[in-house]
Amino acid sequence: MPELPEVETVARQLAPSVAGRRVRGLEILDPLLEDGRTPQLAGRPIASVERSGKRVLFEFGPARGRQVRPLWLAVHLRMTGRLLWLERAAAVPREHLRARFRVDGGELLFVDTRRFGTFRWYRTREAAAPVGVEPLSPELTRPRLASLLRGSSQEIKPWLLRQDRLVGLGNIYASEILHAAGLSPFRAAGSLDGREIRRLLVATRRILTQAIRACGTTFSDFQDARGIEGSYQRFLAVYEREGQRCRRCRARVERVVQQQRSTYHCPGCQA
DNA sequence: ACCCTCCTGTCA
DNA sequence: TGACAGGAGGGT
(Lines give C-alpha, C1' and ligand atoms only; values in the text may rest on other atoms or scores of the structure.)
Protein backbone atom coordinates (compact mmCIF):
# COMPACT_ATOMS: atom_id res chain seq x y z
CA MET A 1 0.00 0.00 0.00
CA PRO A 2 2.67 2.39 -0.93
CA GLU A 3 1.58 5.76 -2.34
CA LEU A 4 0.43 8.84 -0.47
CA PRO A 5 -3.26 7.90 -0.13
CA GLU A 6 -2.48 4.38 1.07
CA VAL A 7 0.13 5.58 3.56
CA GLU A 8 -2.23 8.29 4.77
CA THR A 9 -4.85 5.61 5.32
CA VAL A 10 -2.45 3.47 7.32
CA ALA A 11 -1.39 6.38 9.51
CA ARG A 12 -4.98 7.49 10.15
CA GLN A 13 -6.10 4.00 11.09
CA LEU A 14 -3.08 3.31 13.25
CA ALA A 15 -2.95 6.56 15.18
CA PRO A 16 -6.06 6.18 17.35
CA SER A 17 -5.17 2.57 18.17
CA VAL A 18 -1.58 3.05 19.24
CA ALA A 19 -1.05 6.70 20.17
CA GLY A 20 -0.41 7.08 23.88
CA ARG A 21 0.56 3.45 24.40
CA ARG A 22 3.88 2.55 25.90
CA VAL A 23 6.40 0.40 24.06
CA ARG A 24 7.74 -2.64 25.90
CA GLY A 25 10.28 -3.60 23.31
CA LEU A 26 11.19 -3.84 19.66
CA GLU A 27 12.40 -6.95 17.90
CA ILE A 28 13.89 -6.57 14.46
CA LEU A 29 13.63 -9.93 12.74
CA ASP A 30 15.04 -8.92 9.36
CA PRO A 31 18.59 -7.54 9.48
CA LEU A 32 17.84 -5.47 6.37
CA LEU A 33 15.77 -3.23 8.65
CA GLU A 34 18.74 -2.35 10.85
CA ASP A 35 20.00 1.08 9.90
CA GLY A 36 22.87 1.00 12.32
CA ARG A 37 21.28 3.21 14.93
CA THR A 38 18.32 1.23 16.14
CA PRO A 39 17.70 2.66 19.62
CA GLN A 40 16.35 1.34 22.89
CA LEU A 41 12.62 1.89 22.78
CA ALA A 42 11.47 0.19 25.96
CA GLY A 43 9.41 2.50 28.15
CA ARG A 44 8.82 5.15 25.52
CA PRO A 45 5.23 6.00 24.65
CA ILE A 46 4.11 6.32 21.05
CA ALA A 47 3.36 10.02 21.00
CA SER A 48 2.04 10.33 17.46
CA VAL A 49 1.66 8.55 14.13
CA GLU A 50 1.45 10.51 10.92
CA ARG A 51 2.23 10.35 7.25
CA SER A 52 5.23 12.10 5.76
CA GLY A 53 5.58 11.66 2.01
CA LYS A 54 5.20 7.93 1.49
CA ARG A 55 6.46 7.11 4.99
CA VAL A 56 4.71 6.49 8.26
CA LEU A 57 6.32 8.66 10.87
CA PHE A 58 6.23 7.55 14.50
CA GLU A 59 7.11 9.87 17.35
CA PHE A 60 8.28 8.21 20.55
CA GLY A 61 8.16 10.29 23.67
CA PRO A 62 10.66 10.23 26.51
CA ALA A 63 10.72 7.19 28.77
CA ARG A 64 9.94 7.85 32.44
CA GLY A 65 13.03 9.05 34.21
CA ARG A 66 15.65 8.34 31.59
CA GLN A 67 15.84 9.73 28.08
CA VAL A 68 14.20 13.11 27.69
CA ARG A 69 14.56 13.59 24.00
CA PRO A 70 11.82 12.31 21.70
CA LEU A 71 12.72 9.94 18.92
CA TRP A 72 11.35 9.62 15.42
CA LEU A 73 11.01 6.57 13.22
CA ALA A 74 10.15 6.75 9.53
CA VAL A 75 8.80 3.47 8.19
CA HIS A 76 8.84 3.17 4.42
CA LEU A 77 6.52 0.44 3.21
CA ARG A 78 7.99 0.40 -0.30
CA MET A 79 6.16 -2.20 -2.38
CA THR A 80 4.73 -4.70 0.06
CA GLY A 81 5.20 -3.40 3.58
CA ARG A 82 2.29 -3.45 6.02
CA LEU A 83 1.87 -2.20 9.54
CA LEU A 84 -0.59 -4.27 11.51
CA TRP A 85 -1.95 -3.47 14.93
CA LEU A 86 -3.08 -6.55 16.80
CA GLU A 87 -4.84 -6.43 20.13
CA ARG A 88 -3.61 -8.99 22.57
CA ALA A 89 -4.94 -12.50 21.95
CA ALA A 90 -5.19 -11.98 18.21
CA ALA A 91 -3.67 -14.69 16.05
CA VAL A 92 -0.23 -13.55 14.94
CA PRO A 93 0.66 -14.05 11.29
CA ARG A 94 4.28 -15.17 11.18
CA GLU A 95 4.75 -15.17 7.46
CA HIS A 96 7.00 -12.36 6.28
CA LEU A 97 7.04 -10.82 9.72
CA ARG A 98 10.05 -8.48 9.74
CA ALA A 99 9.71 -6.54 12.98
CA ARG A 100 7.54 -6.55 16.06
CA PHE A 101 6.85 -3.74 18.51
CA ARG A 102 5.55 -5.06 21.80
CA VAL A 103 3.20 -2.40 23.05
CA ASP A 104 0.91 -2.13 26.05
CA GLY A 105 -2.30 -3.86 25.06
CA GLY A 106 -1.11 -5.31 21.78
CA GLU A 107 1.53 -5.66 19.14
CA LEU A 108 2.46 -3.57 16.17
CA LEU A 109 3.82 -5.79 13.40
CA PHE A 110 5.76 -4.89 10.32
CA VAL A 111 5.14 -7.46 7.60
CA ASP A 112 6.88 -7.15 4.27
CA THR A 113 6.99 -9.85 1.61
CA ARG A 114 9.60 -8.34 -0.66
CA ARG A 115 11.75 -6.90 2.11
CA PHE A 116 12.18 -3.52 0.41
CA GLY A 117 10.73 -1.66 3.37
CA THR A 118 13.01 0.48 5.51
CA PHE A 119 13.23 1.88 9.02
CA ARG A 120 15.06 5.14 9.59
CA TRP A 121 15.56 6.73 12.97
CA TYR A 122 15.83 10.46 13.64
CA ARG A 123 16.45 12.68 16.62
CA THR A 124 14.23 15.53 15.42
CA ARG A 125 11.16 15.98 13.28
CA GLU A 126 13.08 18.35 11.05
CA ALA A 127 15.69 15.73 10.29
CA ALA A 128 12.93 13.31 9.35
CA ALA A 129 11.25 15.74 6.96
CA PRO A 130 11.44 14.84 3.27
CA VAL A 131 13.10 17.10 0.70
CA GLY A 132 10.15 17.32 -1.66
CA VAL A 133 6.94 19.31 -1.26
CA GLU A 134 3.76 17.75 0.12
CA PRO A 135 1.30 17.95 -2.79
CA LEU A 136 -1.71 18.59 -0.55
CA SER A 137 -0.07 21.27 1.54
CA PRO A 138 -0.82 24.97 1.00
CA GLU A 139 2.85 25.25 0.18
CA LEU A 140 2.17 23.80 -3.24
CA THR A 141 0.93 26.84 -5.09
CA ARG A 142 0.95 27.19 -8.84
CA PRO A 143 4.10 29.35 -8.83
CA ARG A 144 5.78 26.81 -6.56
CA LEU A 145 4.89 23.96 -8.90
CA ALA A 146 6.01 26.03 -11.87
CA SER A 147 9.38 26.62 -10.26
CA LEU A 148 9.78 22.93 -9.48
CA LEU A 149 9.06 22.05 -13.11
CA ARG A 150 11.13 24.81 -14.64
CA GLY A 151 14.09 23.76 -16.74
CA SER A 152 13.46 20.03 -16.56
CA SER A 153 13.68 18.10 -19.81
CA GLN A 154 12.57 14.92 -18.07
CA GLU A 155 9.27 13.42 -19.21
CA ILE A 156 6.47 14.49 -16.91
CA LYS A 157 5.41 11.00 -15.82
CA PRO A 158 8.83 9.94 -14.46
CA TRP A 159 9.20 13.49 -13.12
CA LEU A 160 6.10 13.01 -10.98
CA LEU A 161 7.67 9.91 -9.43
CA ARG A 162 10.69 11.88 -8.15
CA GLN A 163 10.46 12.35 -4.43
CA ASP A 164 12.84 15.30 -4.37
CA ARG A 165 10.25 17.53 -6.10
CA LEU A 166 6.78 16.42 -4.97
CA VAL A 167 6.50 13.68 -2.38
CA GLY A 168 3.97 10.92 -2.25
CA LEU A 169 3.15 10.21 -5.88
CA GLY A 170 3.80 6.74 -7.25
CA ASN A 171 3.06 4.74 -10.33
CA ILE A 172 -0.72 4.57 -9.98
CA TYR A 173 -1.47 8.18 -9.15
CA ALA A 174 1.10 9.64 -11.56
CA SER A 175 -0.77 8.02 -14.44
CA GLU A 176 -4.18 8.89 -13.01
CA ILE A 177 -3.25 12.52 -12.39
CA LEU A 178 -1.89 13.02 -15.91
CA HIS A 179 -5.06 11.54 -17.36
CA ALA A 180 -7.22 13.78 -15.20
CA ALA A 181 -5.13 16.76 -16.29
CA GLY A 182 -5.30 15.81 -19.97
CA LEU A 183 -1.52 15.80 -20.24
CA SER A 184 0.63 13.36 -22.19
CA PRO A 185 3.07 11.43 -20.01
CA PHE A 186 5.76 12.12 -22.62
CA ARG A 187 5.70 15.90 -22.30
CA ALA A 188 8.89 17.42 -21.02
CA ALA A 189 8.21 18.56 -17.46
CA GLY A 190 9.65 21.99 -18.13
CA SER A 191 7.54 22.51 -21.25
CA LEU A 192 4.17 22.92 -19.53
CA ASP A 193 2.59 26.33 -19.89
CA GLY A 194 0.75 28.17 -17.15
CA ARG A 195 -2.65 26.68 -17.93
CA GLU A 196 -1.25 23.17 -18.09
CA ILE A 197 0.51 23.62 -14.78
CA ARG A 198 -2.77 24.75 -13.28
CA ARG A 199 -4.50 21.65 -14.66
CA LEU A 200 -1.75 19.47 -13.25
CA LEU A 201 -2.08 21.08 -9.83
CA VAL A 202 -5.87 20.81 -9.75
CA ALA A 203 -5.77 17.19 -10.91
CA THR A 204 -3.12 16.29 -8.34
CA ARG A 205 -5.14 17.68 -5.47
CA ARG A 206 -8.39 16.20 -6.71
CA ILE A 207 -7.13 12.68 -7.40
CA LEU A 208 -5.21 12.43 -4.14
CA THR A 209 -8.08 13.81 -2.09
CA GLN A 210 -10.55 11.39 -3.66
CA ALA A 211 -8.14 8.48 -3.22
CA ILE A 212 -7.66 9.30 0.46
CA ARG A 213 -11.42 9.47 0.88
CA ALA A 214 -11.61 5.99 -0.68
CA CYS A 215 -8.83 4.76 1.65
CA GLY A 216 -6.52 4.25 -1.30
CA THR A 217 -6.22 1.49 -3.87
CA THR A 218 -6.07 -2.19 -2.95
CA PHE A 219 -5.28 -4.85 -5.54
CA SER A 220 -4.68 -7.86 -3.38
CA ASP A 221 -7.60 -9.48 -1.65
CA PHE A 222 -5.64 -9.55 1.55
CA GLN A 223 -7.59 -8.35 4.56
CA ASP A 224 -5.50 -7.20 7.45
CA ALA A 225 -6.41 -7.23 11.09
CA ARG A 226 -7.93 -3.77 10.98
CA GLY A 227 -9.80 -4.38 7.74
CA ILE A 228 -7.94 -1.68 5.87
CA GLU A 229 -8.94 -2.09 2.29
CA GLY A 230 -9.08 0.72 -0.20
CA SER A 231 -11.75 1.14 -2.82
CA TYR A 232 -10.14 3.63 -5.19
CA GLN A 233 -9.52 0.85 -7.75
CA ARG A 234 -13.15 1.42 -8.75
CA PHE A 235 -12.27 4.92 -9.91
CA LEU A 236 -9.06 4.19 -11.80
CA ALA A 237 -9.35 5.75 -15.23
CA VAL A 238 -6.23 4.34 -16.89
CA TYR A 239 -4.07 2.36 -14.47
CA GLU A 240 -4.20 -1.34 -15.35
CA ARG A 241 -6.88 -0.60 -17.95
CA GLU A 242 -4.80 -1.30 -21.04
CA GLY A 243 -6.99 -1.94 -24.08
CA GLN A 244 -10.15 -0.74 -22.37
CA ARG A 245 -11.96 2.35 -23.52
CA CYS A 246 -11.20 5.71 -22.00
CA ARG A 247 -14.18 6.84 -19.95
CA ARG A 248 -13.76 10.34 -21.30
CA CYS A 249 -13.09 9.96 -25.04
CA ARG A 250 -13.65 6.25 -25.74
CA ALA A 251 -10.17 5.77 -27.24
CA ARG A 252 -8.30 2.72 -26.02
CA VAL A 253 -6.02 3.05 -23.03
CA GLU A 254 -2.39 2.22 -23.78
CA ARG A 255 0.39 0.87 -21.61
CA VAL A 256 3.91 2.03 -22.35
CA VAL A 257 7.15 1.67 -20.44
CA GLN A 258 9.00 4.74 -19.21
CA GLN A 259 12.18 4.22 -17.26
CA GLN A 260 11.33 0.56 -16.75
CA ARG A 261 7.97 1.32 -15.24
CA SER A 262 4.52 0.98 -16.72
CA THR A 263 2.68 4.13 -17.69
CA TYR A 264 -0.98 4.00 -18.61
CA HIS A 265 -2.45 6.77 -20.69
CA CYS A 266 -5.14 7.61 -23.18
CA PRO A 267 -3.70 8.73 -26.51
CA GLY A 268 -7.10 10.26 -27.36
CA CYS A 269 -7.38 12.88 -24.67
CA GLN A 270 -3.90 13.28 -23.23
CA ALA A 271 -2.25 15.78 -25.54
C1' DA B 1 19.00 11.73 -16.62
C1' DC B 2 18.92 6.87 -17.01
C1' DC B 3 19.74 1.91 -15.86
C1' DC B 4 20.31 -1.66 -12.49
C1' DT B 5 19.51 -3.72 -8.38
C1' DC B 6 17.59 -5.02 -4.02
C1' DC B 7 13.69 -9.23 -2.79
C1' DT B 8 9.74 -12.43 -3.19
C1' DG B 9 5.67 -13.83 -5.37
C1' DT B 10 2.21 -14.42 -9.12
C1' DC B 11 0.70 -14.92 -13.59
C1' DA B 12 0.72 -16.09 -18.66
C1' DT C 1 10.69 -19.40 -18.21
C1' DG C 2 10.07 -14.68 -18.41
C1' DA C 3 7.50 -10.54 -17.44
C1' DC C 4 5.77 -7.90 -14.07
C1' DA C 5 4.53 -5.80 -9.35
C1' DG C 6 1.97 0.20 -5.54
C1' DG C 7 9.70 2.08 -4.71
C1' DA C 8 13.96 4.32 -4.67
C1' DG C 9 19.27 4.40 -3.71
C1' DG C 10 23.57 3.86 -6.01
C1' DG C 11 26.35 3.98 -9.94
C1' DT C 12 27.39 5.66 -14.60
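This structure is a prediction, so every number in the text was calculated from the model and none was measured. Lettering follows sequence order; numbering is per chain, from 1.
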Base, sugar-phosphate, or nothing for [X], non-hydrogen atoms under 4.0 angstrom?
X      : result
A:T118 : nothing
A:R255 : sugar-phosphate
A:R162 : sugar-phosphate

Q: Kindly indicate, with the supporting measurements, whether the criterion side-chain hydrogen bond (donor to acceptor under 3.5 Å, both in side chains) is fulfilled by A:Y173 and A:E6.
A: CA-CA 11 Å; A:Y173 299 106; A:E6 291 76 29; 2.6 Å; yes
Quickly work out the [X] [atom1] to [N] [atom2] distance and round it to whole Å.
X      : N     : atom1 : atom2 : answer
A:L4   : C:dG7 : CG    : P     : 11 Å
A:R82  : C:dG7 : CZ    : P     : 14 Å
A:F119 : C:dA8 : CZ    : C1'   : 17 Å
A:K157 : B:dA1 : NZ    : C1'   : 15 Å
A:L161 : C:dA5 : CG    : P     : 12 Å
A:D35  : C:dA8 : CG    : P     : 17 Å
A:Q258 : C:dA5 : CD    : C1'   : 17 Å
A:R120 : C:dG7 : CZ    : C1'   : 16 Å

Is there side-chain contact between [X] and [Y], with heavy atoms separated by less than 4.5 Å?
X     : Y      : answer
A:L71 : A:R123 : yes
A:F58 : A:F101 : no
A:P5  : A:T217 : no

Q: Kindly state whether the ring of A:H265 and the ring of A:F186 have centres lying under 6.0 angstrom apart.
A: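 Here the rings of A:F186 and A:H265 have centres that are less than 6.0 Å from each other.
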Closest contact, heavy atoms only, [X] versus [Y]:
X      : Y      : answer
A:T9   : A:I212 : OG1-O, 4.5 Å
A:L136 : A:T209 : CD2-OG1, 3.9 Å
A:V238 : A:H179 : CG1-CD2, 3.5 Å

(Q) It should be established whether A:T80 places a side-chain nitrogen or oxygen under 4.0 Å from OP1 or OP2 of nucleotide C:dA5. (A)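 Checking C:dA5 against A:T80, no side-chain N or O comes under 4.0 Å of OP1 or OP2.
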(Q) So, OP1 or OP2 of C:dA8: does either fall under 4.0 Å of a side-chain N or O from A:H76? (A)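 Indeed, a polar side-chain atom of A:H76 lies that close.
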Q: Hunt down any stem DNA chain B takes part in, defined as 3 or more consecutive Watson-Crick or G-U pairs whose two distances are each under 3.5 Å.
A: B:1-6 with C:7-12, B:8-12 with C:1-5
**Q.** Chi angles and distances behind the side-chain hydrogen bond (donor to acceptor under 3.5 Å, both in side chains) call for A:R114, A:T80
**A.** CA-CA 6 Å; A:R114 290 179 70 180; A:T80 53; 5.6 Å; no
Q: For C:dA8 and B:dT10, measure between their P atoms and round to the nearest Å.
A: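 It comes out at 23 Å once rounded to the nearest Å.
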Q. Taking the P atom of each, how far is C:dG11 from B:dC7, in whole Å?
A. 16 Å
Q) About how many Å separate OG of A:S175 and CD of A:E240, when rounded to the nearest 0.5 Å? A)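 If we round to the nearest 0.5 Å, A:E240:CD and A:S175:OG are 10.5 Å apart.
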Q. Among residues 182-191 of chain A, which contact DNA chain B at a heavy-atom distance under 4.0 Å?
A.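 Correct list: empty, so none.
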Q. Which one, C:dG7, B:dA1, C:dA5, comes nearest to the side chain of A:N171?
A.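 In terms of side-chain proximity for A:N171, the closest of C:dG7, B:dA1, C:dA5 is C:dG7.
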Q | A:Y264 or A:Q163, whichever maps to the more 5' nucleotide of DNA chain C | A | A:Y264
Q) Do you know which of A:K54, A:R165, A:R55, A:R51 makes salt bridge (charged side-chain N to carboxylate O under 4.0 Å, His left out) with A:E134? A)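 Single salt bridge (charged side-chain N to carboxylate O under 4.0 Å, His left out) partner of A:E134 among A:K54, A:R165, A:R55, A:R51: A:R51.
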Q | Ion pair check, A:D30 and A:R115, cut-off under 4.0 Å | A |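 Salt bridge between A:D30 and A:R115, a charged N being under 4.0 Å from a carboxylate O: yes.
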Q | Heavy-atom protein contacts under 4.0 Å, nucleotides 3-12 of chain B, coded B base, S sugar-phosphate only, - none | A | SB-BBBS---
